Structures are given as structure tokens and as C-alpha cells.
2 protein chains.
Amino acid sequence: MSIPTIKFYVREGLLPAGELTSPNQASYGETHVQRLRLIRALLDVGGLSVASIREVILAIDDPERSVHKLLGTVAAGLVPRYDRESHAGIEDARKQVAALIAARGWRVQQGNPASEALAVALAAVDEAGHGAFTEVLDAYADAAERVARVDLDYVAREVAREELVESVVVGTVIGDAIFSALRRMAQTDASDRRYGQST
Amino acid sequence: MSIPTIKFYVREGLLPAGELTSPNQASYGETHVQRLRLIRALLDVGGLSVASIREVILAIDDPERSVHKLLGTVAAGLVPRYDRESHAGIEDARKQVAALIAARGWRVQQGNPASEALAVALAAVDEAGHGAFTEVLDAYADAAERVARVDLDYVAREVAREELVESVVVGTVIGDAIFSALRRMAQTDASDRRYGQST
DNA sequence: GATAGTGGCTAGTGCCACTATCCACACATT
DNA sequence: AATGTGTGGATAGTGGCACTAGCCACTATC
């Protein structure tokens with residue numbers, strides 16, 4: 001980790017400045033190193049932008065913020081920015097999402113970034129001519145519920161707040177990357193079993 | 001969709017040039033529009049780079065390529081590039097991944113990009129001081145298997161090759177985005193049920 | 001007293017997805 | 001005939017982002 005990069009992070013508000021033990025020696029304690037590791041994990045593995053990480057860091061350092069709101073902040077940081085919402089079937093997709101939320105009994109806000117992202121993705125699928133894809137939504141939702149329960153169980157095992165908020169971040173951001181990798185591996189396996197011989 | 005953008009895609013090899021009906025009028029048929037929608041979906045929703053999309057397009061247009069290999073190509077395009085493999089515990093993580101593959105009986109190659117990505121993510125988690133996270137791996141793997149089965153079922157419903165390869169792409173790339181969104185929604189719901197009242 | 005470190009600042013780099021402009025060409029309109 | 005419009009092909013420029021380099025005044029250490 002080069003010095004200019006650390007200076008950059010400090011400037012961007014991701015990292016507190018080192019505490020001056022003497023005017024030319026700043027001590028970067030264990031918390032700094034820990035924070036740096038978190039930043040790198042969010043940046044490299046989670047794929048978050050620096051701006052999103054700043055939001056997450058602010059949420060972590062705000063003791064007033066509840067765990068629930070923290071998770072919302074992290075989730076918002078994960079959602080990529082969809083400039084062009086000019087999709088044709090976005091309204092239909094939104095209704096579909098609302099129906100799914102109702103059917104599942106999920107307590108999710110209407111304008112939630114995640115549900116909006118889902119609507120955009122569904123609209124894109126539909127536009128690409130794969131409307132039948134919606135039939136797998138239920139199976140996906142089942143699996144998602146299962147994963148989310150595991151995630152929350154993992155978060156709940158922590159007691160100290162500092163540990164807990166980091167668990168939330170790790171469990172959502174890095175967990176996303178881990179699950180995606182596992183999914184691709186499972187797909188590879190399933191594909192090998194079905195189509196592997198025909199090559 | 002602006003003309004310069006289309007020209008850019010043609011230049012990058014994502015899109016075949018329009019067929020000249022007359023020297024100053026090119027006709028972009030339905031296949032072109034379909035291809036454009038696919039590109040936009042992979043770019044906006046899937047988050048793939050133009051270079052990755054080119055690989056995917058080449059795989060789609062190569063009739064010799066088997067479905068299994070096509071899925072491998074798509075999966076490879078999804079994996080972000082990890083420049084710095086200089087993680088400390090990467091070797092331990094690789095062993096952990098190998099153990100998981102063996103325990104699951106997955107037919108996954110050793111140097112698979114997905115399993116490598118998993119190793120990097122696990123190493124990052126461990127480095128961030130959340131080694132206990134590995135305990136959720138099994139639950140994740142269960143859910144991933146379930147999702148992968150649904151994905152392959154969806155792909156298998158198609159008969160024509162052209163439809164099939166597009167299903168593979170949609171089912172993996174866009175499916176990833178859809179599942180991530182669902183996961184965040186389920187997490188929001190689960191979090192609300194556990195911590196929502198305490199705010 | 002030269003060195004090397006500090007925070008703070010401005011500006012530059014490299015990558016990437018476009019985007020703008022220019023080119024020679026050919027038909028269509030005026 | 002003259003002009004305009006559209007084609008593919010090419011080069012170069014734009015804007016955003018994650019750094020990265022260098023300068024500044026200052027100061028404890030070698």
C-alpha cells in the first residue's frame with residue numbers, strides 16, 4: 001500500500017489522518033490498518049466506487065445509525081447507477097416487482113434502490129425477448145430468502161457494535177462476490193453434467 | 001441509440017456492419033436490433049466491459065462452440081480482473097475452495113476463474129478479520145446449487161441454438177443482477193424484522 | 001544541516017466507454 | 001451541374017474515475 005494512495009484515501013474521507021506522535025511521524029494504528037483492509041476489500045472484491053465507500057464509512061462511524069439503516073446504506077452503495085431509465089417496459093416490470101414483494105410479504109420500501117434495480121433488470125430481460133425468464137423469479141426469491149437468513153444469522157452473532165457493522169458490510173458486499181462465484185461454479189458443474197459429454 | 005455509438009460497436013466487433021441496400025443507405029435488420037439490445041443489457045445491467053462482450057459475441061457466433069464452453073466463456077467474462085493476487089492467505093483460501101469442490105462433488109476445473117475469484121474473496125474476508133464467515137459457505141453453496149439448477153432448466157427449455165445461446169447469456173449475466181437485487185431485498189426484509197423496531 | 005517524514009494542495013496519468021470530426025465516395029435532390 | 005445527405009473507416013478528443021506525482025511549509029531525527 002503506497003503512501004500516495006493512503007494520502008488519497010485520507011483526502012477522500014475514507015480514512016482518518018494518522019495521529020501525530022511527533023510532527024514527522026504519524027502512527028497508523030491497528031484500526032487504520034483494519035480500515036484500509038476494509039477499503040481494499042470493498043474496492044477490489046466488492047467493486048464499490050470510492051464515493052460509495054465514503055457513504056459506507058460515514059454510516060459505520062455514525063453511532064446513531066441503526067443496523068437496519070446501515071444495511072440500507074450498504075445496499076444502496078452496491079446498486080450500480082442506472083442513468084437511462086428510459087426502458088420501454090419499466091412500468092410493467094415495476095408492477096411485477098410490486099406483485100412479487102406482496103406475494104412474498106417482504107417489508108421493502110417502494111422506491112428501494114434494490115427493487116428499482118430489479119425492475120430495470122427485468123425490463124432488460126423482457127426487452128431482449130426472454131419474457132419467460134420471469135418464471136424463475138420465484139425460485140430465485142426462495143434462494144435469496146435462504147441466503148439472506150444466513151447473512152443475518154452471521155451478523156447477529158456479533159455483539160460489539162464495531163464488529164457488527166463490519167459484519168454487515170462484509171456479509172453483504174463480499175458475500176455478494178462470494179455467492180456470485182459459487183453460482184458460476186455450480187452452473188459450470190450443472191452444465192458439465194448436462195452438456196459436457198456432447199463436446 | 002446514437003449513430004456514433006453504433007459505429008463504435010461495429011468498430012469494436014460487437015455488431016456486424018449494416019448491409020448496404022444502396023451506397024448511402026444501410027439496412028439494420030431485426031437481428032441488428034436484437035444484438036444491440038443484448039449488448040446494452042450486458043453493458044448496463046450485467047456490467048460487462050466491451051472487451052468481455054466481444055468475447056461473448058464471438059462465442060455466440062461460433063456454431064462450433066458447445067453450450068458448455070459458451071457458458072464457460074460467459075462466466076469468464078463476468079469475473080472481474082484481479083490484478084493484485086498478492087493476498088497473504090490466498091493459498092489457504094485456494095485449499096479451502098478445493099476442499100469445498102471436493103465435498104460438493106462439483107466438476108469444476110482447478111484454475112477456473114470463478115473458483116479463483118472465490119479464493120480471492122475468501123482471502124479478503126479472512127484478511128479483514130472475519131474468518132468465521134467461512135461457516136456460511138455451505139449454506140451459500142446449497143443456494144447456489146439450487147439457483148444453478150433453475151438456470152440450466154431455463155436454458156434447456158430452448159431448442160433452437162440461436163435462442164439457446166442467448167438464454168445462456170441472459171440466464172447467467174442478467175440472472176446475476178436479478179439475484180443480487182433479490183438478495184438485497186430479502187436482506188432488507190430480514191433486517192427490518194430483526195432490527196427494524198429498534199430504530 | 002541535510003534527510004525524510006507530515007498534511008494539504010494542484011495537476012497529471014491511464015483506462016475506458018463513448019463522441020466528434022474528417023475523409024472519400026455515391027446517390028438524391030435542386 | 002451543384003449541393004446535400006448518408007455510408008464505412010479512421011483518428012483524435014471527452015469525461016469520469018482511481019490513483020499518482022510533485023510541490024509546499026514545517027519539523028524531528030541522523
Side-chain angles (χ1 to χ4, degrees), chain A residues 1-29 31-33 35-57 76-86 120 124 173 177, chain B residues 1-29 31-33 35-57 76-86 120 124 173 177:
Chain A
M1 183 77 23
S2 70
I3 289 108
T5 304
I6 290 176
K7 289 173 108 178
F8 171 72
Y9 290 160
V10 171
R11 205 165 47 234
E12 292 293 320
L14 306 187
L15 197 65
E19 297 173 21
L20 292 169
T21 57
S22 73
N24 74 333
Q25 270 306 331
S27 85
Y28 289 95
T31 58
H32 285 86
V33 177
R35 180 55 58 87
L36 264 178
R37 276 201 267 258
L38 180 64
I39 291 171
R40 296 311 314 184
L42 295 182
L43 209 48
D44 291 343
V45 182
L48 267 68
S49 71
V50 167
S52 299
I53 293 176
R54 179 168 43 234
E55 298 298 316
V56 172
I57 296 282
L78 269 175
V79 177
R81 35 225 155 271
Y82 292 119
D83 299 341
R84 55 197 79 202
E85 312 221 5
S86 58
V120 171
V173 179
Chain B
M1 183 78 21
S2 70
I3 289 109
T5 304
I6 290 176
K7 289 172 110 178
F8 171 71
Y9 289 160
V10 171
R11 207 165 46 234
E12 292 294 320
L14 306 187
L15 197 65
E19 296 173 21
L20 291 170
T21 55
S22 76
N24 73 334
Q25 269 304 333
S27 84
Y28 289 94
T31 59
H32 285 88
V33 177
R35 180 56 56 87
L36 264 179
R37 277 202 266 259
L38 180 64
I39 292 171
R40 295 312 313 184
L42 294 184
L43 208 48
D44 290 344
V45 182
L48 267 67
S49 71
V50 167
S52 299
I53 293 175
R54 178 167 43 233
E55 298 299 316
V56 172
I57 295 282
L78 269 175
V79 177
R81 34 222 158 274
Y82 292 121
D83 299 340
R84 54 198 79 199
E85 312 220 6
S86 57
V120 171
V173 180

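What you are looking at is a predicted structure, and each value in this text was computed from that prediction instead of being measured. Residue numbers begin at 1 in each chain, while the letters A, B, ... track the order of the sequences.
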| remark: CD1 of A/I57 to CD1 of A/I39, rounded to nearest 0.5 Å, is 5.0 Å
| query | A/Y9 has an atom OH; how far is it from atom P of C/dG7, in whole Å? | reply | 16 Å
| message | Using whole Å, what does the distance between atom P of nucleotide C/dC18 and atom CG of B/L15 come to? | response | 13 Å
| query | Does OP1 or OP2 of C/dT19 have a side-chain N or O of B/T5 closer than 4.0 Å? | reply | yes
| task | List in chain and number order the residues that pass side-chain hydrogen bond (donor to acceptor under 3.5 Å, both in side chains) with A/E55, two or more places apart in sequence or in another chain; answer none if no residue qualifies. | result | none
| Do the side chain of A/R11 and the base of C/dT6 come within less than 3.5 angstrom through a donor-acceptor pair of N or O atoms? | no
| message | Using every non-hydrogen atom in the two residues, find where A/L15 and A/R35 come nearest and quote the distance to one decimal. | response | CD1-CG, 3.5 Å
| query | Roughly, in whole Å, what's the span from CG in A/D44 to P in D/dC17? | reply | 18 Å
| Atom-pair distance (NZ on A/K7; C1' on D/dC24), nearest Å | 10 Å
| task | Can you run through DNA chain D from 5' to 3' and write each base as (, ), [, ], | or . depending on how it pairs? Watson-Crick or G-U wobble, both distances under 3.5 Å. | result | ||||||||||||||||||||||||||||||
| request: Indicate the atoms forming the closest heavy-atom contact of A/E12 with A/R54, along with that distance. | output: O-NH1, 2.7 Å
| task | Give the minimum heavy-atom separation between A/V45 and B/A124, together with the two atoms involved. | result | CG2-CB, 3.7 Å
| request: For A/I39 and D/dA18, give me the distance from atom CD1 to atom C1', rounded to whole Å. | output: 13 Å
| Reckon B/R54 has a side-chain N or O less than 4.0 Å from the OP1 or OP2 of C/dC16? | no
| To the nearest angstrom, how far is B/I53 atom CD1 from C/dA17 atom P? | 8 Å
Atom pairs and distances, donor-acceptor, side-chain atoms in residues 2-9 of chain B, under 3.5 Å, two or more places apart:
| from | atom 1 | to | atom 2 | distance (Å) |
| --- | --- | --- | --- | --- |
| B/S2 | OG | B/T5 | N | 3.4 |
| B/S2 | OG | B/T5 | OG1 | 2.7 |
| B/Y9 | OH | B/R40 | NH1 | 2.4 |

